[in-house]
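Take a look at the structure set out below.
Counting from 1, the numbers follow the sequence of the chain as shown. Keep in mind that what you see is a predicted model, and the values were worked out from it rather than measured.
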Amino acid sequence: MDVPWLLVVHGSVTALVVVSFLCGQWPIFEGTFVQSINHFLTSGAYRHFLRLVQGVCGTGARDLVLGVEQYCCDRPNPILQVFYVAIIGGTYFIIVQTSFKYIPGYYVSVWHRYLSIVVVSIGAILFVLTSFSDPGTVTSENVSQYVSAYPFDNIIFIEKECSTCKIIRPARAKHCRICDRCVARFDHHCGWMNNCIGEKNTRYFVAFLVWHFLLCMYGALILGFIIAGELKVKKVIYILTVYYGVDNSFSGLFPHVAQWLLAVHNTQILLAVFLGIISLLLGGFCAYHIHLCLSNTTTNETFKWQDYVFWKKKENAAKASAAALKSSVGAARSEAQKPAPSKWKTFFSRSQMPAEEPVVTNNIYDVGRIRNLCEVIVPLSERRSFSRRKSD
């Protein structure tokens, strides 16, 4: 097997592993090998590794591994932050070392050298803002303002005390077990940021996602234009058709052009594919969080509503079954006093099952897309009315 095909196999396997790890739990992959790979990567491989460590090194080594796991997953740590910096820095360094020599090119002007520095720097600034800003910590000093700012809907949020902080937990807030604090308008704890995403930094987090989606798309497109420019400058298609007699068609040229690209520009191709895959994943994540912002909902609330709908449907089904049983018992008693119906009538008759009551979700925090978006951009705690709520 030639080296270019080794690179193709390597890139394909890498893409499969990345997609399986990040998207294997999506409903579209249910029952497929992608879900199986995800299950192996997220839990199966780790269980086998623990058994191997215990079998080879004993229980003490296994407990040490579990301690490291607890530190990585259940306590604040900068591991994923360092990993993010390594990915961004390493990818940009490779692009500079391998692709900047083709800039300027046939389709790429020289100013992209400087624009790339600007867009990567903006991404780094958004990362720092999201990671180190206050997500909206609820304390005894500001809890009364948050309670007034976010009313309880008495469905998924009811008034109760946080057992850890010993203060009233405002609606839409949650106590993060990793950060050990109550966070207003809690969305989720992000390991990549080593920080909670809450009322005050959701704007930075969404901007971070959108910007990195555009950044990856920009990098993939520029690399694509570099490759296309090299094909044009070096007249690869002209040489293949005129000097080598290759048929001037897609099916005729594609194998030869692909072989030349993989031999000469394999690094640019792998980088473009990598950035393209990451941009697709980020695009779906961006769309989801933009939808949450426009509907004034959080990830935490989405899960709460799902649990509420599931519980309500079970309750409605139980009520419907009880009503049907009661109706059938009453009908049996009344029918016992009537003459027996004909067999044909009994055969074609159907039991009347009461229609299941639909479950309605009422998000009282949704005040329209424009106002919802304004609430994300300018949080309630940063408005003048918030500071006056304590006296009210």
Margin query: Could you check whether W111 and Y114 have their ring centres less than 6.0 Å apart?
Written below: no

Next item on the list: Rounded to the nearest 0.5 Å, what's the gap from CZ on F132 to CG on N195? Could you check?
Entry: 9.0 Å

Please table the atom pairs, donor to acceptor, closer than 3.5 Å between any side-chain atom in residues 220-234 and protein atoms at least two apart or in another chain.
from: E230; atom 1: OE1; to: K234; atom 2: NZ; distance (Å): 3.3

Notebook entry, point to check: Going from CG on L275 to OG1 on T91, what distance comes out if it is rounded to the nearest 0.5 angstrom?
Noted result: 6.5 Å

Check: Any donor-acceptor pair under 3.5 Å linking the side chain of S279 with the backbone of I277?
Finding: no

Next item on the list: Using the six-membered ring of Y365, assess whether NZ or CZ of R172 lies under 6.0 Å from its centre and within 45 degrees of the ring axis.
Entry: yes

Check: Between atom NE2 of H256 and atom CG of L240, what is the distance when rounded to the nearest 0.5 Å?
Finding: 7.0 Å

Checklist line | Residues S381 and Q145: side-chain donor-acceptor under 3.5 angstrom | finding: no

Checklist line | Set of side chain to side chain contact (heavy atoms under 4.5 Å, CB included) partners for S131, sequence neighbours left out | finding: Q81, F127, M193

Checklist line | Mutual orientation of the aromatic rings belonging to F285 and Y288 [parallel < 30°, tilted 30-60°, perpendicular > 60°] | finding: parallel

Next item on the list: Would you please indicate if the ring centroids of Y238 and Y244 are separated by under 6.0 Å?
Entry: no

Note to self: Ring centroids only, cut at 6.0 angstrom: are H188 and F205 within range, meaning strictly under it?
What the structure shows: yes

Next item on the list: Please check if any side-chain donor atom of H175 sits under 3.5 Å from a side-chain acceptor atom of D180, or the reverse.
Entry: yes

Margin query: Check the orientation of W305 and Y308. Use parallel for under 30°, tilted for 30 to 60°, and perpendicular for over 60°.
Written below: perpendicular

Check: Would Y102 and H265 count as a close aromatic pair, with their ring centres under 6.0 Å?
Finding: yes

Next item on the list: Using the six-membered ring wherever Trp is involved, compare the ring planes of W192 and F83 and label them parallel, tilted or perpendicular (cut-offs 30° and 60°).
Entry: parallel

Notebook entry, point to check: Using 4.0 Å as the upper bound for N to carboxylate O, is an ion pair formed by E301 and K304?
Noted result: no

Note to self: So does I158 get a backbone contact from the side chain of N154, meaning a donor-acceptor N/O pair under 3.5 Å?
What the structure shows: no

Next item on the list: Return yes if some donor-acceptor pair links the side-chain N/O of T298 with the main-chain N/O of F186 below 3.5 Å, else return no.
Entry: yes

Note to self: Just by distance, no angles: are the side chains of N38 and S20 close enough, under 3.5 Å, to form a donor-acceptor pair?
What the structure shows: no

Side-chain donor-acceptor distances from residues 371-378 under 3.5 Å, at least two apart:
from: N372; atom 1: OD1; to: N296; atom 2: ND2; distance (Å): 3.2
from: N372; atom 1: OD1; to: V367; atom 2: N; distance (Å): 3.0
from: N372; atom 1: ND2; to: L294; atom 2: O; distance (Å): 2.7
from: N372; atom 1: ND2; to: D366; atom 2: OD1; distance (Å): 2.7
from: N372; atom 1: ND2; to: G368; atom 2: O; distance (Å): 3.0
from: E375; atom 1: OE1; to: N296; atom 2: ND2; distance (Å): 3.2

Next item on the list: Considering only NZ, NE, NH1 and NH2 on the basic side and carboxylate oxygens on the acidic side, decide whether R169 and E161 come within less than 4.0 Å.
Entry: no

